[in-house]
Structures are given as C-alpha cells and as structure tokens.
Amino acid sequence: MNGDEHRARAPRCLVTGATGYIGGRLVPELLAAGHRVRCLARSPERLRDHPWAGEAEVVRGDVTDAPSVAAAMDGVDVAYYLVHALGTGRDFEETDRRAARIFARAAREAGVRRIVYLGGLTPAGVPERELSPHLRSRAEVGRILLDSGVPTTVLRAAIVIGSGSASFEMLRYLTERLPVMVTPSWVRTRIQPVAVRDVLRALVGSARMPDDVNRAFDIGGPDVLTYREMMAGYAAVAGLPRRFIVPVPVLTPGLSSHWVGLVTPVPASIARPLTESLRHEVVCHEHDIARYVPDPPGHPIGFHEAVRQALRRVRDAEVVTRWSSASVPGAPSDPLPTDPDWAGGSLYTDHRERAVRASPEALWRVVEGIGGENGWYSFPLAWALRGWLDRLVGGVGLRRGRRDAQRLRVGDSLDFWRVEEIEPGRLLRLRAEMRLPGLAWLEMYVDTDGDGRSRYRQRALFHPHGLLGQAYWWGVSPFHAVVFGGMARNIARAAEQQAQVTREREGTGAP
C-alpha cells in the first residue's frame, strides 16, 4: 500500500474548536499520528496561517447550526467536541446544552464511530446544583454526549499547565507580580493539575478506543497540590524569591475574578469560571485511562516539570496557541466594510501617511512587531488608560500581549486587537476586541511611491452603533492627532532608526 492509499484509509477526525487553545494543538498531533483531520470553524480564515493548514481540511460552520454540523460529520470516524459557550451571556448553559444535542444527533445520524470530549474534573460528593455554572455545564454536556448512542470518551481535567493556557497564565502572573499576596481562601483548595502534553496524548489515544467503551475518565498529573503550593512551586522553578501568601475568607468569586483580572492578563470574564471552579477540591479518583492510552516513560508529567516545559516555551517564543487564541465572546465578526460603496451606514476613518527613509523590509519589521512589549508607538498613557477602562467594563484590556514577539498570523490576539488579515511585507489589519459602541479596525500598509521610496499608510475605521457610537467617535476624535498621528510618526521614526543601525553595522552610512 503506497502513502496515498494509506492516508485515504486513515481515520478521519472532525475537530471543533480548532481556533482555540487545545484544538489548535490537537490538530497537528492527530496529523502526526496518521489521522486525516477536518476542522469545523466559524471563521476558517483564522486557521489559514497555521503551519498545518495545508494538511487539514477546514469547513465553515458552527456547533449551534445543525445543517453545518451535519455536513461536517459526513465521512467522519471520530468527532472531537472542544467548544463551550462560556462567557456568551447568562444563558450560556442553554447554548451549551443545545449545541451538544445538535452535535450528538449529527454524529449518530452520520454513523460516527466515536465522540471525544474534554470536560472539567468535578468534585466528588458535591451535588451538581452546588457546582459553579462552568463545571455544571461541562458535566451536563458530558452526559448528553454519553447518552448520544455513539460510543463516547469524556476526559475530565482540572487545571491544565502549558504555555499559554489561561490557568498557567493566571498562576504565572499572580506569582511573578505579587511577592506578597492577600489571597482568597481557595488558595487552600487541593487540585490535581495536568500537563497539556498529557491532555493531548489522552485526546489522540482516545480515537482508537474499543467500540464498547462509553464512559468518563479522570486525567491528571502525579501531584496533588493546593493553589498556594502551586504558586510556591512556580516561584521555585522560575527562580523567584519566596512568595508570602496570606489567605482571607472575604473575597467572593466575583471579587476574586476582578482581583485576578487586575493582576493578570486574564480578563474577569475568563477568571471568574476558573476561580469558581477552585471552591471545591478537584482530584482524580481513578486513572483508568491508562488501560486504553498507556502511560509512556516519564508520564504523566509532574507539576514542576510541566511548569519548566511551559516556561521554556514562553522564553523561547515557541507558544503555539494561547488562551486568547479563541474568539472573545461577543466580539464582532462582521467583515470589514468595503469602500467606497458600502451601504451599511456611517463609516468614519482617520487616515495618516508618511514617507519613510528606510527599506520596505525594515518598515515592515516594525509594523509586524507592534503591540505587546513593543507598545503602540504613541502616547503610552492613553493606550494604558484605554486598556484599564476596557477591563473595568469586562473587556480583555491591553495586556493579552502577543503569541510571538516577532511574527503574526491571522487569528492571533494582539493586546485588545485581533489579527484579521496579514499580507507579509504589505498589510496588517487588526479588528478591535475592546468594548466599543460599534466596530473598529486599524490598518497599516507598507508601500512605495513612484520613485521607489518607502511609504507608511495607516487607516483607523469605525462603524458606530446608534447614537452612543456616534457620540463615542466625535468624543475621541480630538485625540486622534495625538494618538494616531503620533503612531504614524513614531513607526516611521523607529523604522528609520533600525535602518540606520543596520547600515552602521554593515559599515555604510548610505541612505
């Protein structure tokens, strides 16, 4: 059998949530294991720049849209359910319930051999009504899939430790930024964390489980620790001085989430379900997964080694996906209006253009490196204030940073923006994900004039929603000269300075 024939007979796996943290890492693992992969995504273009994009099939659809799910299930052997509606509103549990039922029915009707679901580890002996809405919904989704008539594997994990995971980022920033902490009482809760590598190993291995297996499995690492011990362990691995932690009983889950949101890049909307889940002990009560997915030497990975591996990837800029890879709930998804014939209402623009005494390549390096530690090249206080205001109203704020310090790809989060389009060397288009009374984009172009000289073009666009949107635009427009004008000027200057350094290093002062 040649390679093409073998590939054609390999199991086909459907992956939902491929734009998210776990899904984006699972796809290449499945491909490496010899599976064929189809991804179901609301915005397929967000997967375009992933290294594995050319090897996987991507179809457009949504788990709440029955026809698109049914079409995606055609010819599928194993269906991975890696999505949830957390943060989409107060009725997220009903959305989760409806989506799971659609997925289960479509899998059954398509003759799918197995469903694999990654859920949350629930505390033993605690009535479901007393669980956090997050864990309660995860448990219900697991039951719906187990009752689907399709053999199902439900993997239940507590805190996932891996570079870029929300749990790891929360632990990392709390420990690094607060040498002395007054903390909620949940820092005493016992937890069994699991390394992301072991989660992925269990997910991939579940695809080949026997057809008579239909059950949930607890997955965790070898260590059971309190959150306080995890912070101390992180500090030890990271080489930080000893942290002093004083638990207090007065911080409610809501207050805790805002406290976490102020200290870490994780916004309160994501921090709240994480902290609510820490009210109860979450420890594995079995390790039966090893019967079907045997532990290789050195696995499961211990907490300290998982932190060590995660920090290595962060420091080497090898973070493949981050918690912010997934779309922000409620973020706009409308396409950029076309000019000049767009008929969808008002579209305000701020346009800036400058000649740049540097090569287009040097200018592009500055453009692609924007945000994160490099900042936004204008009025840092104004950008910081806008980020704080966004977090105060429940937005993502300015501290999500970048996945990679030098390279961007479509779908990357970039502080409170999302990369909507990138044409290397020419165009970077960002979509705003901060809380706004309208839709906003920021475009940065690298171009040349008729004489071959570099030009930087910048365009901010805003489509207001209602009277409040109109008032917002006109209220902030007096500051555009400082913010956007300064941005264009400083980007051009940074490119020129970098070009000058390069010329001096090469021993020439030629322009």
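Residues: numbered from 1 along the sequence shown. Predicted, not measured: the structure shown is a model, and the values here were computed from it.
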Sequence-distant partners of Ser68, side chain to side chain contact (heavy atoms under 4.5 Å, CB included), two or more places apart: Asp65
Give me the atom names and distance for the closest heavy-atom approach of Arg12 to Arg36. NH2-NH1, 3.2 Å
Please name the pair of heavy atoms, one in Arg190 and one in Val224, separated by the smallest distance, quoted to 0.1 Å. NH1-CG1, 3.6 Å
Test log, rule side chain to side chain contact (heavy atoms under 4.5 Å, CB included), inputs Trp52 and Val37: CA-CA 10 Å; Trp52 46 260; Val37 178; over 6 Å; no
Are His50 and Pro28 side-chain neighbours, meaning at least one heavy-atom pair lies under 4.5 Å? no
Can you tell me if Ser206 uses its side chain to pair, donor with acceptor, with the backbone of Ala202 under 3.5 Å? yes
For the residue pair Glu45 and Arg60, establish whether any side-chain heavy-atom pair is separated by less than 4.5 Å. yes
NE2 of His287 to CG of Asp295, rounded to nearest 0.5 Å, is 3.5 Å
Do the non-hydrogen side-chain atoms of Tyr21 and Val196 ever get within less than 4.5 Å of each other? yes
Non-neighbouring partners of Thr16 that pass side chain to side chain donor-acceptor pair (under 3.5 Å), sequence neighbours left out: none
NE2 of His134 to CG of Asp96: how many Å apart, nearest 0.5 Å? 10.0 Å
Here the gap from Arg138 atom CZ to Leu135 atom CG, rounded to the nearest 0.5 Å, amounts to 8.0 Å
Once rounded to the nearest 0.5 Å, what's the spacing between atom CG of Leu225 and atom OG1 of Thr189? 12.5 Å
Is there a donor-acceptor pair under 3.5 Å between the side chain of Arg42 and the backbone N or O of Gly61? no
Checking the side chain of Arg409 only, and the main-chain atoms of Pro51 only, is there a donor and an acceptor separated by less than 3.5 Å? no
Side chain to side chain contact (heavy atoms under 4.5 Å, CB included) involving Ala70 - partner list, sequence neighbours excluded: none
Kindly say whether Thr226 contributes a backbone atom to a donor-acceptor pair with the side chain of Glu229 at under 3.5 angstrom? yes
By salt bridge (charged side-chain N to carboxylate O under 4.0 Å, His left out), which residues pair with Arg386, not counting sequence neighbours? none
Does any N or O in the side chain of Gln192 come within less than 3.5 Å of the main-chain N or O of Gly221, such that one atom is a donor and the other an acceptor? yes
Would you compute the distance between atom OH of Tyr80 and atom OH of Tyr117 and round it to the nearest 0.5 angstrom? 15.5 Å
Going by side chain to side chain contact (heavy atoms under 4.5 Å, CB included), name the residues that satisfy it together with Leu428, two or more places apart in sequence or in a different chain. Trp364, Val367, Ile370, Leu408, Val419, Ile422, Leu430, Met444
Please find the pair of heavy atoms, one from Gly372 and one from Asp415, that lie closest to each other, and give the distance. N-OD2, 3.0 Å
Test Arg172 against Val314 for side chain to side chain contact (heavy atoms under 4.5 Å, CB included), laying out the working first. CA-CA 11 Å; Arg172 173 188 171 199; Val314 170; 3.6 Å; yes
Kindly give the heavy-atom pair with the smallest separation between Ile159 and Met230, and that separation in Å. CD1-CE, 4.1 Å
Scan residues 213-222 for pairs that pass salt bridge (charged side-chain N to carboxylate O under 4.0 Å, His left out), counting only residues two or more places apart or in two chains. Arg156-Asp218, Arg215-Glu286, Arg215-Asp288
Kindly indicate, with the supporting measurements, whether the criterion side chain to side chain contact (heavy atoms under 4.5 Å, CB included) is fulfilled by Val410 and Arg429. CA-CA 9 Å; Val410 169; Arg429 179 185 299 138; over 6 Å; no
Atom pair CG/OH of Leu145 and Tyr81 - distance to nearest 0.5 Å: 7.0 Å
Please name all residues satisfying side chain to side chain donor-acceptor pair (under 3.5 Å) with Glu421, sequence neighbours left out, ordered by chain then number. Arg48
List for me each residue that meets side chain to side chain donor-acceptor pair (under 3.5 Å) alongside Thr153, sequence neighbours excluded, and say none if there are none. Arg114
Identify whether the distance between the nearest side-chain nitrogen and carboxylate oxygen of Arg402 and Asp412 falls below 4.0 Å. no
Quick one: do Ile301 and Gln309 satisfy side chain to side chain contact (heavy atoms under 4.5 Å, CB included)? Show the steps, please. CA-CA 10 Å; Ile301 298 170; Gln309 292 177 4; 3.9 Å; yes
Smallest separation among heavy atoms of Ala440 and Trp417, with atom names: O-CZ3, 4.5 Å
Is the His465 ring parallel, tilted or perpendicular to the His463 ring (thresholds 30°, 60°)? perpendicular
Write out all pairs satisfying ring pair (Phe, Tyr, Trp, His ring centres under 6.0 Å) with one or both partners inside residues 192-226, taking only residues at least two apart or from two chains. Phe217-Tyr292
Any salt bridge linking Asp77 with Arg113? Criterion: basic side-chain nitrogen under 4.0 Å from a carboxylate oxygen. no
Does the side chain of Asp198 reach to within under 4.5 Å of the side chain of Ile219, using non-hydrogen atoms? no
Side-chain contact test, heavy atoms from C-beta onward, threshold under 4.5 Å: evaluate it for Leu82 versus Val15 and give yes or no. yes
State, with a plain yes or no, whether a side-chain heavy atom of Thr19 is found less than 4.5 Å away from one of Ser43. no
Are Leu203 and Leu155 close enough that some pair of their side-chain heavy atoms sits under 4.5 Å apart? yes
Would a 4.5 Å heavy-atom cut-off, applied to side chains only, mark Tyr227 and Leu174 as touching? yes
With sequence neighbours excluded, residues passing side chain to side chain donor-acceptor pair (under 3.5 Å) with Arg308: Glu305
Counterpart residues, salt bridge (charged side-chain N to carboxylate O under 4.0 Å, His left out), relative to Asp212 (two or more places apart): none
Minimum-distance pair of heavy atoms, taken over all atoms of Leu47 and Ala18: CD2-O, 3.7 Å
How would you list, by chain and number, every residue that makes a side chain to side chain contact (heavy atoms under 4.5 Å, CB included) with Arg97, sequence neighbours excluded? Glu93, Glu94, Arg101, Glu140, Ile144
